[in-house]
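Report on the following structure.
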Number of protein chains: 2
Amino acid sequence: MPTHAKPLRRDAQRNRDLLVAAARDLFATRGLDVALDEVARTAGVSSGTLYNRFPSRNDLIDAVFADRTATVARIAEHALEMADPWDGLVHFLERVCELQAADRGYNDLVSRRVPQVAPPSEDHARGYELMQRILARAREAGALREDCTLEDMAFVTWGIARTVEATGAVRPQAWRRHLALLLDGFRAAAAHPLPEPPVRPEELVRIMRECSP
Amino acid sequence: MPTHAKPLRRDAQRNRDLLVAAARDLFATRGLDVALDEVARTAGVSSGTLYNRFPSRNDLIDAVFADRTATVARIAEHALEMADPWDGLVHFLERVCELQAADRGYNDLVSRRVPQVAPPSEDHARGYELMQRILARAREAGALREDCTLEDMAFVTWGIARTVEATGAVRPQAWRRHLALLLDGFRAAAAHPLPEPPVRPEELVRIMRECSP
DNA sequence: CTGAAAGTTGATGGAATAGTCAACTTAGCT
DNA sequence: AGCTAAGTTGACTATTCCATCAACTTTCAG
């Protein structure tokens with residue numbers, strides 16, 4: 001319920017907006033590791049203001065990408081409305097990967113940072129639930145292989161993240177080929193026994209936590 | 001033919017070996033971005049000596065991983081000796097990924113640095129040739145999908161690299177599952193039309209060049 | 001043994017970035 | 001208008017790392 005607990009003074013709110021906008025641009029083009037001083041300079045405020053508003057880099061990252069979890073959840077909802085379960089899964093993964101390909105900062109975030117907001121938000125839980133439904137539906141339709149779990153989707157995120165990083169400058173769409181190959185591996189018809197048990201949900205949580213630098 | 005053009009003085013050679021050994025260890029456990037000062041300290045020499053012997057970080061990286069290209073070529077040869085073409089391909093990719101999983105520095109190298117030695121070595125060309133044969137053989141046997149190219153193998157390298165980074169601490173073998181899923185996507189039986197034309201060889205060269213920081 | 005070339009040292013400079021804080025400015029309430 | 005809490009500033013410290021170099025030490029050929 002507390003979207004923000006305390007109301008900011010008007011100039012403070014304006015500066016906050018400028019900072020988030022500047023960070024959004026810089027993150028998108030240069031990744032999450034841009035110098036914070038540069039964010040402040042781009043926003044036209046002093047570095048002290050930035051640190052005052054966002055004590056740590058992660059706070060700024062959270063603010064910039066606050067809406068993304070909800071966006072993913074919306075994509076998932078749309079995917080569930082598609083008639084064909086397999087098409088729904090494909091659509092979901094394609095749209096999410098498009099988000100990665102379009103924003104270097106978001107690509108960094110999903111591939112190596114801790115999930116955005118510290119306390120797993122409501123949107124987060126909703127997205128999780130929706131993804132489960134997308135997979136279950138595709139599995140029950142006989143399109144998705146039986147042994148494929150939600151955690152396996154992390155391989156998509158990680159793999160595509162690196163491909164986007166590597167190929168972005170030369171062949172910005174190359175990741176679509178990578179994804180298509182992975183997707184063919186997800187099909188029930190393609191299934192051969194997997195050599196390693198699935199990553200368990202709590203393991204994935206630990207992985208994402210430890211991943212953050 | 002010039003393995004090294006000029007013979008080093010004995011103490012210089014000893015220090016060089018110490019530096020390479022120290023770098024090998026540090027790269028393996030902490031990645032390619034360790035501070036060069038720390039490499040020197042670990043080797044027990046001064047930083048001046050390190051810079052004297054290896055003017056740039058890449059020179060040191062080259063020295064540490066000089067043998068890897070030949071190792072990959074040997075793996076490829078072994079793969080070609082296997083009776084079943086598909087098993088050969090699987091074996092090759094598994095062994096190469098094992099190299100990535102075993103050494104964080106090598107994982108960094110294949111996933112984001114320029115191919116080791118500046119002038120593409122003889123081993124390099126040989127490895128390339130052998131990989132082509134591995135793929136052709138699997139394709140002709142009807143096991144590998146027709147539309148899969150050598151450049152598509154880069155998706156394996158990139159994807160597994162990121163998965164190894166992410167999961168290494170919690171589930172060191174998780175990459176095997178990722179690889180198995182990808183491999184199922186490479187099977188001829190799984191093939192559905194790919195949405196994006198293959199990355200061309202010269203594009204891959206550019207990608208690998210531009211990727212280096 | 002000796003001299004000169006080769007090699008080493010570590011202090012030093014310099015660049016980039018994170019983070020702090022005392023002095024100053026401004027919004028907004030009364 | 002006047003006051004005060006909230007906010008801003010930018011210079012400052014600290015850290016980390018890369019890179020250099022003049023003075024010193026070691027190797028080794030003759």
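Because the structure is predicted, anything quoted here is derived from the model rather than measured. Within every chain, numbering begins at 1; the chains are lettered A, B, ... in the order of the sequence lines, protein sequences first and strands thereafter.
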Between Ser56(A) and Asp59(A), a side-chain donor and acceptor under 3.5 Å = yes
Have a look at Asn52(B) and say if it touches a base, only the backbone sugar-phosphate, or nothing, with a 4.0 Å heavy-atom cut-off.
-> base
Could you tell me the separation between the CZ atom of Arg14(B) and the P atom of dT26(D), rounded to a whole number of Å?
-> 11 Å
Proximity to the side chain of Tyr51(B) - top-ranked nucleotide from dT20(D), dT9(D), dC17(D) | dT20(D)
Do Val199(B) and Ile207(B) have side-chain heavy atoms sitting under 4.5 Å apart?
-> yes
Sorted by position of nearest nucleotide on DNA chain D, 5' first, the leading residue of Gly48(A) and Ser47(B) is Gly48(A)
Rounded to whole Å, CG of Asp59(B) lies from C1' of dA19(D) at a distance of 14 Å
Base, sugar-phosphate, or nothing: which does Asp37(B) touch, judged by heavy atoms less than 4.0 Å apart?
-> base
Hey, is the side chain of Arg10(B) poking within less than 4.0 Å of OP1 or OP2 on dC28(D), counting only N and O atoms?
-> yes
Where do Leu179(A) and Cys97(A) come nearest, in terms of heavy atoms and distance?
-> CD2-SG, 4.2 Å
Atom-pair distance (CD on Glu38(B); C1' on dA19(D)), nearest Å | 18 Å
Chain B vs DNA chain C, heavy-atom contacts under 4.0 Å, first-to-last nucleotide span, 5' to 3', is dA5(C) to dA11(C)
May I ask you to decide whether Arg126(A) forms a salt bridge with Asp123(A), counting only side-chain N to carboxylate O separations under 4.0 Å?
-> yes
Nearest-nucleotide 5' precedence on DNA chain C, Arg9(A) against Leu36(A) | Leu36(A)
Tell me, do Tyr51(B) and Leu36(B) make a side-chain contact under 4.5 Å, heavy atoms counted?
-> yes
Measure the shortest side-chain to side-chain distance between Phe92(A) and Leu130(A) over non-hydrogen atoms and say whether it is less than 4.5 angstrom.
-> no
Between P of dC18(D) and CZ of Arg41(B), the distance in whole Å = 11 Å
